[in-house]
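Working notes, beginning with the structure itself.
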Amino acid sequence: MQLVTASAIERRRLGELFVELCRIESPSGRERACAERVASELRGLGLEVHEDDAGVAAGSDCGNLLARIPAREAGGDAGHNGLASGGKARVLPCVLLCAHLDTVPLRAPVEPVLEEGGWENANEGILGADNKAAVAVMLALARRLCNEGAPVDIELLFTVGEERSLAGARALDSSLLRSDFGYVFDHASPIGEVVVAAPCHFRLDASFHGAAAHAGIRPEDGSSAILAAARAVSDMPLGRVNEDTTANVGLIEGGSAINVVPEHCSLTAEVRSLREEAAEAMVAEMVDCVHEAANLPECDCDVDVSVQRTFMAYNTPSNAPAVRVAEAALQNCGYQPKRIHSGGASDANALVAKGLTVVNLANGTERNHEPGERVSVAALEGMLEVALALPGAVVAQSALAAR
């Protein structure tokens, strides 16, 4: 397998494009401006860009973007760059690369600065490297393949609403895709780690209904919905429940004024587990906590509870072609592959549920979703090297499999 490296010009352009993308605010629901910039870049390379209608379901102002780069030899006929099929039957696999356009909510404007070899936000807020580092890498890869040729068909998918429980990928019409397997670059850990298992996810919403009363004159006439919620939360097993399962209460809202016994309170919780049955058991236990708290004499509240499974777990076999190709590409770039199980989800979960094998590759970013989020120049450029190596690894692994 021939070593593929990024040129000095490609590295410089990558950094410039990454900074530009980070400056475009795109919290979940407002991805349009970032999507337009990505689509403009792809169309400038001669690619057709398709926007689907997933924005409605994902609560976004735009849909997912899909583009395709057909295989061709360097200097050869580029063929048809659109989304319609044509020509002779494909022998080599078609490979999907996926990144999401949205970020978590912003606390402050993003102004990337280079500090000690890494990109950070000059302001006290996220940088947006999750997942704009991967978006920039995919665009840099597209430029290389469009200019020099692609040994295999490549599909590029840019999703919306990933930070809202993978909303864009879950709403994607999978019949649009032709890929045999794919990759996302969306795990904040050192490059070389290959996520072969990720958890399922359940969302629990509980709304407590008590009785309002003046808190200083007749508190005994009220029933505190906040007290009921507090008792429920205090009884829940939260945090890392075991090596496979986590639980968290992330939102609590209630009350109307300091001097009113609160009539309403709601909470939102989540459960994640690599084992579906463990997640279901944990959710059932948390629902019991909610009902038991509402029925306590000192609480005496009604409660409405809803549970939704937002995405499924997956566990990719170590001998899957997607894993073998990824490990070969990483080794070719000087990284030691390490298979891991993650407690975090990605668009891979949604795409796997649609029947496509997708592997999540670590992107070297740090402190995602936090002020102080960072990605080193070395990690950003290393991600590009791995992406450049993937098409060649597909060819090499296909040749080995055919022997």
Side-chain angles (χ1 to χ4, degrees), residues 1-7 10-11 14 42 45 47 66-74 90-100 131 133-158 177-187 189-196 316 318-339 346-348 351-352 356-364 379-402:
M1 178 176 164
Q2 183 178 2
L3 180 64
V4 181
T5 59
S7 68
E10 286 175 317
R11 294 170 189 270
L14 174 65
L42 294 171
L45 297 174
L47 299 175
L66 177 65
R68 184 171 294 114
I69 304 173
R72 68 173 174 87
E73 295 296 330
R90 153 171 50 87
V91 176
L92 292 171
C94 178
V95 179
L96 175 74
L97 297 181
C98 174
H100 62 87
N131 197 219
V135 173
V137 163
M138 284 170 54
L139 293 177
L141 173 67
R143 179 174 292 275
R144 164 73 77 92
L145 296 181
C146 287
N147 288 338
E148 298 187 5
V152 296
D153 290 346
I154 299 290
E155 290 184 311
L156 304 175
L157 176 64
F158 301 88
L177 301 178
R178 298 186 202 149
S179 293
D180 297 280
F181 54 83
Y183 302 95
V184 299
F185 292 87
D186 197 14
H187 197 266
S189 58
I191 295 177
E193 293 190 347
V194 180
V195 179
V196 294
T316 307
S318 59
N319 63 347
V323 175
R324 295 201 306 268
V325 166
E327 292 180 341
L330 287 164
Q331 290 172 336
N332 193 49
C333 295
Y335 296 100
Q336 181 58 47
K338 179 182 179 183
R339 299 170 193 161
S346 70
D347 281 335
L351 295 170
V352 168
L356 182 67
T357 300
V358 178
V359 172
N360 190 1
L361 300 179
N363 58 26
L380 187 62
E381 294 177 353
M383 205 187 326
L384 175 57
E385 297 276 359
V386 174
L388 291 171
L390 282 172
V394 173
V395 175
Q397 291 298 309
S398 296
L400 287 174

Backbone N/O of Leu45 and side chain of Arg143: donor-acceptor pair under 3.5 Å: no
Where the side chain of Asn131 meets the backbone of Ala99, is there a donor-acceptor pair that is under 3.5 Å apart? no
Are Leu97 and Leu390 packed together at the side-chain level, in the sense that at least one heavy-atom pair is separated by less than 4.5 angstrom? yes
Are side-chain heavy atoms of Leu96 and Leu351 found at a separation under 4.5 Å? yes
Partners of Glu327 by salt bridge (charged side-chain N to carboxylate O under 4.0 Å, His left out), sequence neighbours excluded? Arg339
Side-chain (Asn360) to main-chain (Asp186) donor-acceptor, under 3.5 angstrom: yes
Show the nearest heavy-atom pair for residues Cys333 and Ala389, with the distance to one decimal. SG-CB, 3.8 Å
With a 3.5 Å distance limit and no angle check, can you tell me whether Tyr183 reaches the backbone of Ala322 through a side-chain donor-acceptor pair? yes
Do Ile154 and Arg68 touch side chain to side chain, with heavy atoms closer than 4.5 Å? no
Verify, without hydrogens or angle tests, whether Arg72 (side chain) and Cys146 (backbone) share a donor-acceptor contact under 3.5 angstrom. yes
Using modelled atom types only, decide if a donor and an acceptor are shared between the side chain of Asp153 and the backbone of Pro70 within a distance under 3.5 Å. no
Which residues share a side chain to side chain contact (heavy atoms under 4.5 Å, CB included) with Arg144, sequence neighbours left out: Val4, Glu10, Glu148, Leu388
Backbone of Ala328 reached by a side-chain donor or acceptor of Gln397 within 3.5 Å: no
Compare all side-chain heavy atoms of Phe181 with those of Pro93 and state whether any distance is below 4.5 angstrom. yes
